[in-house]
Amino acid sequence: MATHARPTPIGLSPAQLRNRMIVSARRIIVEHWPRVDRCTVCGTGWPCTPTVYAYEYLTSAGQGDWAPPEHVLGRQ
């Protein structure tokens, strides 16, 4: 039986796909970052479900302690 190489999604290498997923997870965290203990997108308490999943992915990628920089969040 012949073995076939696994197709890569949208023609990306595993490293490129991993990097895109990291960027996407970080974007989710930035967009859902709380202002006064509530998610600005979901309106729920912190942490909201999308943020939990984004942090779980970042943790699996070895970047679980990532937080948006202060200037990105509009804080000085």
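The first residue in the sequence is number 1, and the count goes up from there. For the numbers below, each heavy atom of this structure counts, side chains included, while hydrogens, waters and symmetry mates do not.
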From OH (Tyr53) to NE2 (His32), nearest 0.5 Å: 13.0 Å
Note, Thr51 side chain near Cys39 side chain (heavy atom, < 4.5 Å): no
Contact check, side chains of Ile29 and Leu58, non-hydrogen atoms, under 4.5 Å: yes
Hphob cluster co-occupancy, Leu17 + Ile22, side-chain heavy atoms under 4.5 angstrom: yes
Separation of Arg20 CZ from Arg27 CZ (nearest 0.5 Å): 10.5 Å
Rounded distance (nearest 0.5 Å) linking atom CG of Asp37 with atom OG1 of Thr44: 11.5 Å
Closest non-hydrogen atom pair, Glu31 against Thr40: O-OG1, 3.3 Å
Test item: Tyr57 and Arg26 side chains (from C-beta on) under 4.5 Å apart, heavy atoms: no
Tyr55 (side chain) donor-acceptor with Trp66 (main chain) under 3.5 angstrom: yes
Atom pair CG/OG of Asn19 and Ser13 - distance to nearest 0.5 Å: 8.0 Å
Taking every non-hydrogen atom, the tightest pair across Ala25 and Ala54: O-CB, 3.6 Å
N/O donor-acceptor pair under 3.5 Å between Arg38 side chain and Trp46 backbone: no
